[in-house]
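The structure appears right after this line, and notes come after that.
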Protein chains: 2
Amino acid sequence: MNHTRPYSASLDRLRPAGLRPTRQRLALARLLFETGDRHVTAEQLHGEARDAGIRVSVATVYNTLHQFTEAGLLREVVVDPGRAYFDTNTSEHHHFYTEETGALEDIPGDRVVLALMPNTPLGTVIDRVDVILRLKTDS
Amino acid sequence: MNHTRPYSASLDRLRPAGLRPTRQRLALARLLFETGDRHVTAEQLHGEARDAGIRVSVATVYNTLHQFTEAGLLREVVVDPGRAYFDTNTSEHHHFYTEETGALEDIPGDRVVLALMPNTPLGTVIDRVDVILRLKTDS
DNA sequence: TCAATAATTAGAATGACTCTAATAAATCTC
DNA sequence: GAGATTTATTAGAGTCATTCTAATTATTGA
């Protein structure tokens, strides 16, 4: 912990992405990256910012999430039509998703192994492989 | 082909699902199931119905897609946040998705094999496994 | 046939997200 | 550092997919 330069870790993320270290981006980066791996929606992050006393508009939250995703700092997870999740864990891994509760959780990359990859349609290459284990409560 | 009872195949799908064979449901069932496996959005299906001269409201298209999904006649495919796809192929299989074009295509179930399933979180069981191979054009 | 039940409808409402065009902040040049 | 340039932020309007509402209409069971 370096209390004299509390934003330096976030600064170091923004710089190589060519993103100006604005007050809003730095604050959102701290919320996102200083508490371990997490999954957030824009609405959640906006709420957290508000609770932390950071004044930031919804538009900026969306802009920032997309810019961070472009820059490889975040990864978008598609599990729900009509709500985008962003994952701070950008390493190779997959997800558990419980529709009933909206809970989204990482599965370590080495716990899921895909075999026998099919040929892709002509003119395309694989960009990414998403595996989602959809869960239900077993009551 | 039995031209004297053109709706009988669709009828036979609705009956066991406990869905009354209304004009709208029968017509949508024909559009969905009489041309082999396909992927549709509500908007697409509504457009097709319109083009085929079937008067059906958007609300009914949504209701019907959801009821058919509940009944196991369709399967919802989540590949895009903000747009729901429905697949008439309900057998075990996975998907190719090309974000740039919106193209969604089946991968036969036996071309993707998942190994080493992880333990699910306490109190949950696996409901379904979705594998999405996200493609990009290789230009 | 007629009541009871269920489905359909138009249009309003919602919710997540994007756009606009005006203001403000960060950076670059001297 | 001052001013010019570039880039970000913002509030609020706009959009798009989807769902809701409450009234009408169709289907079914007696």
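Values below: every heavy atom of this structure, side chains too, minus hydrogens, waters and symmetry copies. Letters A, B, ... mirror the listed sequences (proteins, then strands); counts begin at 1.
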Side chains of A:Gln24 and A:Thr64, donor plus acceptor under 3.5 Å: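 Their side chains do not contain a donor-acceptor pair, so the 3.5 Å distance test is not met.
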Modelled atom types, side-chain donor and acceptor of A:His39 and A:Asn89, under 3.5 Å: no
What nucleotide among [options] has an atom nearest to a side-chain atom of [X]?
X	options	result
B:Ala42	D:dT9, D:dT18, C:dT8	D:dT18
B:His66	D:dT27, D:dA17, D:dT19	D:dT19
A:Arg20	C:dT9, D:dA8, D:dT27	D:dA8
B:Arg25	D:dT9, C:dA7, D:dT28	C:dA7
B:Ser57	C:dC17, D:dT10, C:dA10	C:dA10
B:Asn63	D:dT18, C:dT8, C:dA10	C:dT8
A:Ala59	D:dA17, D:dT10, C:dA26	D:dT10

Residue met sooner reading DNA chain C from 5', once A:Leu19 and B:Gly18 are mapped to nucleotides: B:Gly18
Rounding to an integer number of Å, can you tell me how far [X] [atom1] sits from [N] [atom2]?
X	N	atom1	atom2	value
A:Asp80	D:dT19	CG	P	11 Å
A:Arg83	C:dC17	CZ	P	7 Å
A:Leu26	C:dA26	CG	P	9 Å
A:Leu14	C:dA26	CG	C1'	13 Å
A:Arg23	C:dA25	CZ	C1'	9 Å
B:Gln24	C:dA6	CD	P	17 Å
B:Tyr62	D:dT21	OH	C1'	17 Å
A:Arg15	D:dT7	CZ	P	18 Å

DNA chain D: 5'-proximal contact among B:Thr41 and A:Val61 (nearest heavy atom): A:Val61
Taking only side-chain N and O atoms of [X], does any of them lie within less than 4.0 angstrom of OP1 or OP2 on [N]?
X	N	result
A:Thr22	D:dT7	no
A:Gln67	D:dA8	no
A:Thr60	D:dT10	yes

Stepwise side-chain contact (heavy atoms from CB on, under 4.5 Å) test for B:Ile107 and B:Leu133: CA-CA 9 Å; B:Ile107 306 173; B:Leu133 301 197; 3.8 Å; yes
Sugar-phosphate only, base, or nothing, as touched by A:Val58 at under 4.0 Å among non-hydrogen atoms: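 Contact class for A:Val58: none.
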Sugar-phosphate only, base, or nothing, as touched by B:Pro21 at under 4.0 Å among non-hydrogen atoms: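 Sugar-phosphate, no base atom in range.
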Evaluation steps, salt bridge (charged side-chain N to carboxylate O under 4.0 Å, His left out), between A:Arg75 and A:Asp130: CA-CA 11 Å; A:Arg75 167 176 159 183; A:Asp130 288 346; 3.6 Å; yes
side-chain hydrogen bond (donor to acceptor under 3.5 Å, both in side chains) between B:Asp87 and B:His95, worked out: CA-CA 10 Å; B:Asp87 188 348; B:His95 294 97; 2.8 Å; yes
Check against salt bridge (charged side-chain N to carboxylate O under 4.0 Å, His left out), B:Glu76 and B:Arg128: CA-CA 11 Å; B:Glu76 189 178 351; B:Arg128 200 170 89 197; over 6 Å; no
